[in-house]
Amino acid sequence: MIRSVTKTYYPNTPHTWERGADRLHAAADELLPHARAHAGNAAHRYLDHAIPALEATLRSRPRPAGIEHVMVLAGQLRTLIRLLQQDPGTDVAEAISRTIALGKQGYAPGDFVTKDQLSKDFAAPHPLIDRAVSLLVDQGSLEVTGKRRLRVPVPGEPYRRLPEHIAHHLRERIVSGTYRDGQTLPSRRSLGTEFGCSPTVVSQALACLRAEGLVAWARGRPVTVIRPRRPLPAAHERPFPAAS
């Protein structure tokens, strides 16, 4: 965003520089609360100098803003972002860990969360979230289920990849009678919405259940439950079949 405002071929007119200043001021309003929260940390001693300088530039905005104001502000924002990216992530990791321990909505055991959601909820840039997540995964406070997708562990429940997790829950519903013999399962899209994933991931879970003889379907037809006539052996917890 900063580069798009300051690139050399940006039209050099009062209106466009004023619009660019609006965008940079909005970015500063988002970054400053996070920067102030970390200013007292020894690892961020340079923030004590960068924050007052940025605040002074924001206060001294001319009307209309010119190229000089935009370039100075862009440089200060780059410096602030670079300083924040040097954060080891321990403070954010502790905040996320406390939220998980309290079981707040969206962070209860078994809930899935994305890095985008973490960035929004904890007002932290993505590089900082990446470092915090790495710490939490090492501690066992979060499980990685995708490139940017995470899961809060359930005590006593072994870690499963997302297709395994979906297959496990659908299997339990079939065995318990929630899904009756001959009943049509919800569509792959509906199940994907429930579990927060794509229909492709749901198809991988259903393929596992079909291999176990719990569901069946024909081309172009919905998935139908085939409830087992006798309890499933312990082998139903076997590892998820590898992709061919």
Any residue meeting side chain to side chain contact (heavy atoms under 4.5 Å, CB included) with [X], in chain and number order, not counting sequence neighbours:
X: Ser134; answer: Asp138
X: Asp22; answer: Glu18, Arg61
X: Ser119; answer: His126, Ile129

Which atom names give the shortest non-hydrogen contact between [X] and [Y], and what distance separates them?
X: Pro153; Y: Gly140; answer: CG-O, 3.4 Å
X: Arg221; Y: Trp217; answer: O-CB, 4.0 Å
X: Leu54; Y: Ala28; answer: CD2-CB, 4.4 Å
X: Ala93; Y: Leu136; answer: O-CD2, 3.5 Å
X: Asp181; Y: Val225; answer: OD1-O, 3.3 Å
X: Leu80; Y: Ala50; answer: CD1-CB, 4.4 Å

Leu32 reachable from Val72 in the ILVMFWY side-chain graph, under 4.5 Å edges: no
Does any part of the side chain of [Y], heavy atoms only, come nearer than 4.5 Å to the side chain of [X], both counted from C-beta?
X: Val152; Y: Leu142; value: yes
X: Ile166; Y: Gln204; value: no
X: Val92; Y: Leu135; value: no
X: Leu118; Y: Leu150; value: yes
X: Lys120; Y: Gln117; value: no
X: Leu73; Y: His25; value: yes
X: Pro62; Y: Glu68; value: no

CA sep, side-chain torsions, deciding dist, call: Val223, Leu209, side-chain contact (heavy atoms from CB on, under 4.5 Å): CA-CA 11 Å; Val223 180; Leu209 297 179; over 6 Å; no
Just how far is it from atom [atom1] of [X] to atom [atom2] of [Y], taken to the nearest 0.5 Å?
X: Glu55; Y: Leu58; atom1: CD; atom2: CG; answer: 7.5 Å
X: Leu191; Y: Leu206; atom1: CG; atom2: CG; answer: 6.5 Å
X: Asp111; Y: Lys104; atom1: CG; atom2: NZ; answer: 14.0 Å

Test log, rule side-chain contact (heavy atoms from CB on, under 4.5 Å), inputs Cys208 and Glu164: CA-CA 8 Å; Cys208 177; Glu164 297 171 335; over 6 Å; no
Arg173 bridged to Glu194 by N-O distance under 4.0 Å: yes
Glu172/His168 under side chain to side chain donor-acceptor pair (under 3.5 Å): CA gap, chis, key distance, verdict: CA-CA 6 Å; Glu172 285 188 335; His168 171 74; 3.2 Å; yes
Audit row: Trp17, Met71, side-chain contact (heavy atoms from CB on, under 4.5 Å) steps and yes/no: CA-CA 10 Å; Trp17 289 118; Met71 290 302 181; 4.2 Å; yes
Step-by-step side-chain contact (heavy atoms from CB on, under 4.5 Å) determination, Ile96 to Asp121: CA-CA 9 Å; Ile96 297 173; Asp121 290 349; over 6 Å; no
